[in-house]
Amino acid sequence: MIRSVLIFNQLGKPRLIKFYEQISASLQQDILREIHGLVAKRPDTLCNFLEGSRSIGGSDTRIVYRHYATLYFVFVADMSESELGIMDLIQVFVEALDRVFENVCELDLIFHFDEIHYVLSEVVSAGMVVETNLSEISRAVNEAKRQAKPDSDHPRLAINTLRRGFV
């Protein structure tokens, strides 16, 4: 099971925090600080798997991360998940974000956090992987975007628009 998904920059500023277990906000911040301290100081030549400390979940917890440009994408999972599978899942998540934002950057994560959470919910739900097909993820996100836009063909919206123009 995936316990949490974290995205933070090189300075440790969180850009996405999602825990799939009930944890207090102060403990979440402590975990974020600890994980940032562990992964930020590691050279890129070392492997991207770490064993969890006592506060993160103990020896049966794995921290799997990827470093892209200025961002760290971190998944914390238990031993039932494959580390290589989680690495692949991080790649799928980043590619899905890339499709949604056309070359995703840190500012996209800041200003479109709701879309980031939606993409994540298409990939992982309740700590379980639900979708890894990029086409399906993109289709679902685009459908949600389409439904969120106001429908100008709707008669009530057209009437309200006309009224505002005459008042």
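Heads up: numbering here begins at 1 and tracks the sequence.
Annotation for Lys145: atom NZ counts as buried by contact number, over 12 foreign heavy atoms lying within 6.0 Å.
For Tyr68, the ring pair (Phe, Tyr, Trp, His ring centres under 6.0 Å) partners two or more places apart in sequence, or in a different chain, are Phe73. Partners of Met79 by side chain to side chain contact (heavy atoms under 4.5 Å, CB included), not counting sequence neighbours, listed by chain and number: Asp60, Arg62. Under the side chain to side chain donor-acceptor pair (under 3.5 Å) criterion, Asn142 pairs with no residue, sequence neighbours left out. Checked against salt bridge (Lys or Arg N to Asp or Glu O under 4.0 Å), Arg42 has no partners two or more places apart in sequence or in another chain. For Gln29, there are no side chain to side chain donor-acceptor pair (under 3.5 Å) partners, not counting sequence neighbours. Residues satisfying the side chain to side chain contact (heavy atoms under 4.5 Å, CB included) criterion with Asn48, sequence neighbours excluded, are Tyr65, Arg66, Met87. In this structure, the side chain to side chain donor-acceptor pair (under 3.5 Å) partners of Ser24, at least two apart in sequence or on a different chain, are Ser26. Among residues two or more places apart in sequence or in another chain, the ring pair (Phe, Tyr, Trp, His ring centres under 6.0 Å) test is passed with Phe8 by His36, Tyr72. Applying the side chain to side chain contact (heavy atoms under 4.5 Å, CB included) criterion to Glu143, with sequence neighbours excluded, gives Arg146, Gln147.
Sorted by first and then second residue, the pairs that involve residues 122-131 and meet side chain to side chain donor-acceptor pair (under 3.5 Å), not counting sequence neighbours, are Tyr118-Glu122. Sorted by first and then second residue, the salt bridge (Lys or Arg N to Asp or Glu O under 4.0 Å) pairs involving residues 90-104 (not counting sequence neighbours) form an empty list.
Atom CG of Leu71 is separated from atom NZ of Lys13 by 14.0 Å, given to the nearest 0.5 angstrom. Distance OG1/Thr132 to CG/Asp88: 7.5 Å, rounded to 0.5 Å. Ile35 CD1 to Ile63 CD1: the interatomic distance, rounded to the nearest 0.5 Å, is 4.5 Å.
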Report task. Check step by step if side chain to side chain contact (heavy atoms under 4.5 Å, CB included) holds for Asn133 and Ile137. Result -> CA-CA 6 Å; Asn133 184 333; Ile137 296 166; 5.9 Å; no

Report task. Step by step, work out the side chain to side chain contact (heavy atoms under 4.5 Å, CB included) result for Phe101 and Glu115. Result -> CA-CA 10 Å; Phe101 295 106; Glu115 290 181 55; 3.9 Å; yes

Query - Verdict with reasoning, Ile17 to Gln28, per side chain to side chain contact (heavy atoms under 4.5 Å, CB included) - result: CA-CA 9 Å; Ile17 299 177; Gln28 288 180 15; 4.1 Å; yes

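Ile31 and Tyr20 are assigned to two separate hydrophobic clusters, defined by single-linkage of ILVMFWY side chains at heavy-atom distances under 4.5 Å. Val74 and Val92 fall into different hydrophobic clusters, where Ile, Leu, Val, Met, Phe, Trp and Tyr side chains are chained together by heavy-atom contacts under 4.5 Å. Residues Ile116 and Val76 are members of separate hydrophobic clusters, defined by side-chain heavy-atom contacts under 4.5 angstrom among Ile, Leu, Val, Met, Phe, Trp and Tyr. Note on Val119 and Ile90: same hydrophobic cluster, where clusters join Ile, Leu, Val, Met, Phe, Trp and Tyr whose side-chain heavy atoms are under 4.5 Å apart, directly or indirectly.
In this structure the side chain of Phe93 never reaches within 4.5 angstrom of the side chain of Val124, judged on heavy atoms. The side-chain heavy atoms of Leu50 and Val39, taken from C-beta on, include a pair separated by under 4.5 Å. The closest side-chain heavy-atom distance from Ile2 to Ile86 is below 4.5 Å.
Residue Ser4 comes nearest to Phe19 through the heavy atom pair CB-CD2, 3.5 Å, listed as atom of the first residue, atom of the second, then distance. Annotation for Phe75 and Leu89: closest pair CE2-CD2, 3.7 Å, computed over non-hydrogen atoms. Closest non-hydrogen pair, Leu32 versus Gly12, comes out as CD2-O, 4.1 Å.
In this structure, the side chain of Thr61 does not engage the main chain of Ala77 through any donor-acceptor pair within 3.5 Å. His67 contributes a side-chain N or O that, together with a main-chain N or O of Ala69, makes up a donor-acceptor pair within less than 3.5 Å.
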Quick one: side chains of residues 105-114, donor-acceptor pairs under 3.5 Å with protein atoms, not counting sequence neighbours, listed by atom name and distance.
{"from": "Glu106", "atom 1": "OE1", "to": "Thr70", "atom 2": "OG1", "distance (Å)": "3.3"}
{"from": "Glu106", "atom 1": "OE2", "to": "Asn9", "atom 2": "ND2", "distance (Å)": "3.0"}
{"from": "Glu106", "atom 1": "OE2", "to": "Arg15", "atom 2": "NE", "distance (Å)": "2.8"}
{"from": "Glu106", "atom 1": "OE2", "to": "Arg15", "atom 2": "NH2", "distance (Å)": "3.0"}
{"from": "Asp108", "atom 1": "OD2", "to": "Cys105", "atom 2": "N", "distance (Å)": "3.1"}

